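Below is one structure, written out as structure tokens; the observations come after it.
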Amino acid sequence: MSLRGELQERFRAAIRSVAAEGGIALDDAEVPAMVALVREAADAKFGDYSATMAMQLAKRAKKPPRDVAAAIIRRLDVSDLCEAVGEPVGPGFINLRIRDDVLASKLALAAAGGRVGVEPVANPETIVIDFSSPNVAKPMHVGHIRSTVIGDALARILKFRGHNTITDNHLGDWGTQFGMILWGWKRCRDDAAFEADPTAELGRLYRLVRKVADAKPEELAADPLAAKLAAAHPDCGREVLAETARLHEGDPENVALWKRFMPICLAEIERVYRRLGVTFDHVLGESFYQPLLAGVVEDLLARGIAEESRGAIGVFLGGPDKPPMLVRKADGAFLYATTDLATIRWRLEHWKPDRILYVVDHRQSQHFDQLFATASKAGYGVAARDGGGGVELVHVAFGTVLGEDGRPFKTRAGDTVGLDALLDEGVARAYEVVTAADVERGTGMSEEERRRIAEAVGIGAIKYADLSQNRTTDYVFSFDKMLELKGNTAAYMQYAVARVEGIFAKGGIDRAAVRRDAGGIAFTDPRERALAMKLLRFGETLEDVEADDRPNLLTGWLFDVAGAYSTFYDALPVLKAEGAERATRLALCDLTGQVLRQGLELLGIRVPERM
């Protein structure tokens with residue numbers, strides 16, 4: 001258990017004792033809420049942790065908060081963890097400072113234990129993480145980066161914490177985008193181009209037919225071929241839908257083409273995922289659930305949850321004045337909502353999860369509100385977050401990637417930036433930075449090593465830049481900022497690990513021996529203690545990430561660790577120190593390297609051995 005967790009348990013007992021003595025009946029939700037108010041102190045000069053629940057309990061007790069805080073302190077048994085607890089501060093803050101010998105003991109265990117001080121959760125859950133989910137007939141673009149890296153990071157973090165995680169890439173492999181390719185294949189394909197590069201030709205057909213179907217004047221004006229096709233096929237949009245419908249109805253030609261194109265599309269997507277270092281336990285696209293959709297609609301009708309309106313079938317959740325969630329169109333076609341309901345039912349039956357996370361952008365919030373409400377109303381045994389019993393359904397929403405002009409990030413031509421091109425640009429810029437540093441320092445890297453480091457730094461920079469943002473906000477994409485070797489960037493973190501590695505390489509130190517000897521840690525400088533305290537909060541940080549599905553809490557903490565290490569390393573000799581002082585500082589350096597490396601790994605970011 002983390003230090004914060006241990007303190008919270010001690011406060012739990014003290015709060016109940018004070019409440020019982022005062023005749024205050026606390027319900028099941030109140031005590032955990034008060035216990036959660038044991039947090040890291042805002043300023044280290046006041047201590048390591050601060051507790052503020054006295055103000056809440058005082059309202060129930062109808063007493064001054066300082067008096068309630070004093071009563072909690074009298075019943076608080078933390079002498080084996082903390083220095084003597086002083087009088088309440090201000091309106092009732094209780095400040096605590098961990099004993100140095102406790103810190104040293106915890107640090108030794110973290111250094112030697114293999115999990116850098118993070119204990120697995122006591123009650124592991126089965127958690128499904130639904131993320132990335134591109135439409136397979138379209139090239140992946142910058143808009144896919146957020147779902148992919150946030151979902152991958154959450155999956156890694158939850159698994160490291162001890163949960164049974166199931167990652168699922170719910171591909172769009174059965175929708176209108178395939179209708180566009182089918183329409184284009186039958187009317188304007190280039191057989192030679194397809195033979196030479198099938199992925200490129202399918203991508204060309206999709207982009208071309210989208211322009212024809214959308215018929216936006218500005219797009220047609222810039223593309224003569226699209227303009228010619230639009231003039232010849234004014235009903236292209238309707239014809240695309242008809243091609244999609246024939247696919248869904250089992251038309252032999254369209255199904256045969258779909259089966260021919262799918263491996264090509266999947267291979268291209270997998271290639272991009274390999275570059276990103278992202279894998280999935282399952283890849284179950286919309287087509288997988290197609291046989292189940294009619295049954296979903298029939299079940300909703302039988303339960304009286306869905307009803308017919310103008311030939312369509314919908315679920316009316318907010319009264320007649322609000323739009324329903326349609327599950328079948330008047331022409332008999334099913335919708336995304338139908339597939340998502342079938343997916344929930346299938347997952348509940350086959351995976352029996354405790355929680356399902358949907359890492360999808362904020363523009364889909366209304367859809368998920370309706371989806372979760374319908375699933376709950378249909379008796380699927382689900383509940384939105386904090387919505388009572390049942391499987392917890394959570395929409396992990398995120399904002400938009402913006403260009404430096406404050407608009408959605410696009411190319412100069414106005415097209416959405418392709419994800420592959422984005423990664424190429426990041427790696428190329430990182431290569432320039434790595435090469436310049438190599439020349440300046442005379443480290444003599446081979447071309448192969450430069451390329452390998454550039455790939456790790458460039459892609460790591462793109463991932464970290466996204467993950468370091470509060471996921472619910474938009475953020476401005478800037479290669480120049482994300483590749484800096486200072487500030488809260490992946491390159492700075494990777495460089496911090498390289499600095500640690502350099503110490504042990506320079507001194508020829510056996511790190512296994514350092515870990516075996518970590519039991520003799522003793523602090524002689526406040527900067528040693530500050531770094532130790534920061535390192536031991538790894539588990540607490542991951543708890544907070546899970547509580548709100550925010551990887552930026554981990555990036556912020558890693559940045560703080562790197563800063564504390566820099567302060568420590570710049571002020572105190574390590575290799576030139578002697579005796580217990582040297583052993584303590586080597587142990588701190590070693591654990592810092594382990595923690596930063598593990599933290600970056602949980603974010604899906606590779607760490608080069610040197611930079």
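All of these numbers come straight from a predicted model, not from anything done at the bench.
Ser468 and Asn488 share no side-chain donor-acceptor pair at under 3.5 Å. Side-chain atoms of Asn254 and Glu243 form a donor-acceptor pair, as typed in the model, at a separation below 3.5 Å.
Note: Tyr206 and Phe178 fail the aromatic proximity criterion, with ring centroids not under 6.0 Å apart. Two rings, from Phe559 and Tyr492, have their centers less than 6.0 Å apart. In this structure, Trp185 has its ring center closer than 6.0 angstrom to the ring center of Phe261. Checked against the 6.0 Å centroid threshold, His170 and Tyr289 count as a close aromatic pair. Between His282 and Trp351, the ring centre distance stays below 6.0 Å.
Salt bridge Glu201/Arg204: present, at least one basic N to carboxylate O contact under 4.0 Å. Salt-bridge formation is detected for the pair Glu40/Lys534: a Lys NZ or Arg NE/NH1/NH2 atom is positioned less than 4.0 Å from an Asp or Glu carboxylate oxygen. The residues Asp474 and Arg146 are annotated as not salt-bridged, no charged nitrogen and carboxylate oxygen being separated by less than 4.0 angstrom. Arg471 has no carboxylate O lying under 4.0 Å from a charged side-chain N of Asp466, or vice versa, which leaves the two without a salt bridge.
When all heavy atoms of Leu292 and Ala342 are compared, the pair lying nearest together is CB-CB, 4.2 Å. Considering every non-hydrogen atom in both Phe372 and His395, the closest pair reads CE1-N, 3.7 Å.
Proximity of a side-chain donor or acceptor of Thr244 to a complementary backbone N or O of Val240 within less than 3.5 Å is detected. Looking only at distances, a side-chain donor or acceptor of Tyr464 sits under 3.5 Å from a matching main-chain atom of Thr555. Between the side chain of His163 and the backbone N or O of Glu125 there is at least one donor-acceptor pair closer than 3.5 Å. With Arg115 contributing its side chain and Val118 its backbone, the two residues share a donor-acceptor pair below 3.5 Å.
Results of the side chain to side chain contact (heavy atoms under 4.5 Å, CB included) test with Leu341 over Val296, Leu293, Val297 single out Val296 as the only residue that passes.
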Which donor-acceptor pairs under 3.5 Å do side chains of residues 150-159 form with protein atoms, sequence neighbours excluded?
residue, atom, partner, partner atom, Å
Asp152, OD1, Arg156, NE, 3.4
Asp152, OD2, Arg156, NE, 2.8
Arg156, NH1, Glu601, O, 3.1
Arg156, NH2, Gly277, O, 3.0

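Because its NZ or CZ atom is not both nearer than 6.0 Å to the ring centre of Phe194 and within 45° of the ring axis, Arg189 does not count as a cation-pi partner of that residue.
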